[in-house]
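For reference, the structure discussed in these notes is given below.
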Amino acid sequence: PTRRSSDLYYPLLRRINLFTKTGTLLDIGCSNGSFAYSAQKLNWDVSGIELEQSSFTIAQKHGIPVYTKPLNELALPSDHFDVITMWQVIEHLYDPKAIVREIARILKPGGVFAVSTPNIKSIGWMLLKERWHCIEPQVHLNLFSPQGLEKLINDCALRTNLIETLDIKPLTIKTFLDRKSTRLNSSHIPLSRMPSSA
């Protein structure tokens, strides 16, 4: 994990600290373990789930215990974790409701489930539609609005305490402006001067 990744993840951990300060933390889709490593440095008892072999190997090198099976195949104990995180993962799941129900089962009463995902009601989507970078049908199987995500969570016996949306990225605005410029240029057809009559 780099200084840059720590700068990215500490604000997320500070948000989690609004609800609970320390304990057991499971990071689902932990990738190379950067978030879990940052949490570990703040005295969290961390573990992760990662199915990609190369990322799993890097996480282990940083001392992060990592499961290599999907959550619903692990039979983890009920009421076990103080915090479960899932950063940019839920949109990749075939059955997100089944996974969130399992999260509700293994989360302690009063525990925290923190999740991030692209927002289908975002300004990026409204500007770019099918050219929005999150439209990837092969890998992003489910896209949520804040209301849709809240309904999913509430339907799985969890309560929503905080929903935030991030500011629009400058690259999204640039892509939109580039697209508008391309359309304007392609629709401008110069008129030919008719030859003058003799």
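Quick note: residue numbers are just sequence positions, from 1. These values consider heavy atoms only, across backbone and side chains, with no hydrogens, waters or symmetry-generated copies.
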Worksheet item: Can you check whether L149 reaches I163 side chain to side chain, under 4.5 Å on heavy atoms?
Response: no

Response to the item:
Heavy-atom nearest pair, A104 first then C156, reads CB-O, 3.3 Å

Worksheet item: Does E50 use its side chain to pair, donor to acceptor, with the backbone of S55 at less than 3.5 Å?
Response: no

Discussion item. Show, in sequence, the C-alpha distance, side-chain angles and deciding distance for Y10 and K41, and conclude whether the side-chain contact (heavy atoms from CB on, under 4.5 Å) test is met.
Written reply: CA-CA 10 Å; Y10 284 143; K41 288 176 70 174; 3.8 Å; yes

Worksheet entry | For P70, all residues meeting side chain to side chain contact (heavy atoms under 4.5 Å, CB included), sequence neighbours excluded | L51, N72, E73

Worksheet item: Among pairs that include at least one residue of residues 96-107, which meet side chain to side chain donor-acceptor pair (under 3.5 Å), considering only residues two or more places apart or in two chains?
Response: S78-R105, E102-R105

Worksheet item: Are F113 and I16 co-members of a hydrophobic cluster defined by side-chain heavy atoms under 4.5 Å apart?
Response: no

Worksheet item: Hey, any chance L13 and I64 share a hydrophobic cluster, counting ILVMFWY side chains that come within less than 4.5 Å of each other, even indirectly?
Response: yes

Worksheet item: Is it true that a side-chain atom of K151 and a backbone atom of Q147 form a donor plus acceptor pair closer than 3.5 Å?
Response: no

Worksheet item: Under a 4.5 Å cut-off applied to non-hydrogen side-chain atoms, are L158 and L107 in contact?
Response: yes

Worksheet entry | Whether E52 side chain and S54 backbone form a donor-acceptor pair below 3.5 Å | no

Worksheet item: Do you reckon M86 sits in the same ILVMFWY cluster as L74, going by side-chain contacts under 4.5 Å, direct or chained?
Response: yes

For residues 42-49, which side-chain N or O atoms pair as donor and acceptor with protein atoms under 3.5 Å away, sequence neighbours left out?
none

Worksheet item: Does the side-chain contact (heavy atoms from CB on, under 4.5 Å) test come out yes or no for Y94 and N142, once each step is laid out?
Response: CA-CA 8 Å; Y94 286 102; N142 298 279; over 6 Å; no

Discussion item. Between L71 and I106, is there a side-chain heavy-atom distance shorter than 4.5 Å?
Written reply: yes

Worksheet item: How about L76 and L26: do any of their side-chain heavy atoms sit closer than 4.5 Å?
Response: yes

Discussion item. Tell me whether L18 shares a hydrophobic cluster with V112, the cluster being built from Ile, Leu, Val, Met, Phe, Trp, Tyr side chains joined at under 4.5 Å.
Written reply: yes

Worksheet item: Are any side-chain N or O atoms of D82 and backbone N or O atoms of T24, one a donor and one an acceptor, separated by less than 3.5 Å?
Response: yes

Fill in: Exercise: identify the closest heavy-atom pair between P118 and Q88
CD-NE2, 3.8 Å

Worksheet entry | hydrophobic_cluster_shared for I28 and I58, side chain cutoff 4.5 Å | no

Practice prompt. Carefully, step by step, assess H62 and N32 under the rule side-chain contact (heavy atoms from CB on, under 4.5 Å).
Written response: CA-CA 9 Å; H62 295 296; N32 63 9; 5.8 Å; no

Worksheet item: Can you check salt bridge (Lys or Arg N to Asp or Glu O under 4.0 Å) on D79 and K108, steps first, answer last?
Response: CA-CA 4 Å; D79 304 332; K108 288 181 181 178; over 6 Å; no

Worksheet, complete the sentence: All heavy atoms of R159 vs all of N154, minimum pair found to be CA-OD1, 3.8 Å

Item to complete: On the 0 to 90° scale, with breaks at 30° and 60°, tag the W87-F35 ring pair as parallel, tilted or perpendicular.
Response: perpendicular

Item to complete: Check the pair V115 / I84 against side-chain contact (heavy atoms from CB on, under 4.5 Å), numbers first and verdict last.
Response: CA-CA 8 Å; V115 57; I84 298 175; over 6 Å; no

Discussion item. For a quick test of reading the model, state the closest non-hydrogen atom pair linking L93 to P96 and the distance between them.
Written reply: O-CD, 3.6 Å

Worksheet, complete the sentence: In this structure, CG of N161 is separated from CZ of R15 (nearest 0.5 Å) by 14.5 Å

Discussion item. Quick one, F56 and S31 - any side-chain contact, counting heavy atoms below 4.5 Å?
Written reply: no

